[in-house]
Amino acid sequence: MNTIKDLKNFYEEIGIELCPYKKETIETAIQKCGTLPDILIQYYETIGSLIDENEDALEDFPFDIMAPFELHEIYRGRGQDEYEEYIKIAEEIHGSIEFVVKKSELSLADPDIYICGDTFIDEMKKQDRLYVSAKSVGETQIKTLWLLLIAIAKDVQTHIN
């Protein structure tokens with residue numbers, strides 16, 4: 001998969017119904033955040049929310065990509081990144097892992113992903129940061145926003161089978 005269209009086709013092939021967000025909803029998120037990565041805008045416009053034909057299958061799916069109207073909160077780092085601002089792009093449904101993008105990198109087409117959560121506590125302490133680069137903890141599957149979207153799609157396929 002190399003494009004949002006490929007990702008859309010993938011979801012449709014495995015029986016996932018797509019519910020793209022309205023332009024007005026996306027525009028409101030862009031206004032609140034200042035800008036959004038092109039890849040995320042395309043994702044919202046083309047894919048949006050995921051609905052499985054068996055409506056219960058995705059209800060307990062472990063990852064949730066934030067809807068445009070959920071992007072209004074700005075998170076501050078701590079320690080070495082206390083002056084950085086982040087926007088949460090996705091999370092594990094129990095809140096144990098957060099996937100964020102630096103607000104200063106929102107204008108990039110495919111920004112790096114930063115993560116925090118119990119799994120990464122040692123690295124967070126070592127780096128004295130609340131959010132650590134996915135690259136720095138060896139999360140090669142999710143080091144950028146695009147790779148996060150791909151990893152989630154593969155997990156959806158595994159989850160519904």
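Residue numbers count from 1 along this sequence.
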Contact check, side chains of L71 and K32, non-hydrogen atoms, under 4.5 Å: no
Is the shortest heavy-atom distance from the side chain of K23 to the side chain of E45 under 4.5 Å? yes
Any luck finding a side-chain donor-acceptor pair between Y114 and D81 under 3.5 Å? no
What class does the angle between the rings of Y44 and Y21 fall in, given that below 30° is parallel, 30 to 60° is tilted and above 60° is perpendicular? perpendicular
Nearest non-hydrogen partners of K103 and I74, listed with the distance: CD-CD1, 3.8 Å
Could you measure the distance from the CD1 atom of I89 to the CG atom of L145? Nearest 0.5 Å is fine. 6.0 Å
Tightest non-hydrogen contact, residues A109 and P37, listed as O-CB, 3.8 Å
Taking the side chain from E70 and the backbone from A67, do they hold a donor-acceptor pair closer than 3.5 Å? yes
Do P20 and T46 touch side chain to side chain, with heavy atoms closer than 4.5 Å? no
For the residue pair D112 / S133, report whether a side-chain donor-acceptor contact shorter than 3.5 Å exists. no
Salt bridge (Lys or Arg N to Asp or Glu O under 4.0 Å) between E85 and R76, intermediate numbers included: CA-CA 5 Å; E85 294 180 323; R76 281 222 179 260; 3.5 Å; yes
Side chains of D64 and F99: closer than 4.5 Å at any heavy-atom pair? no
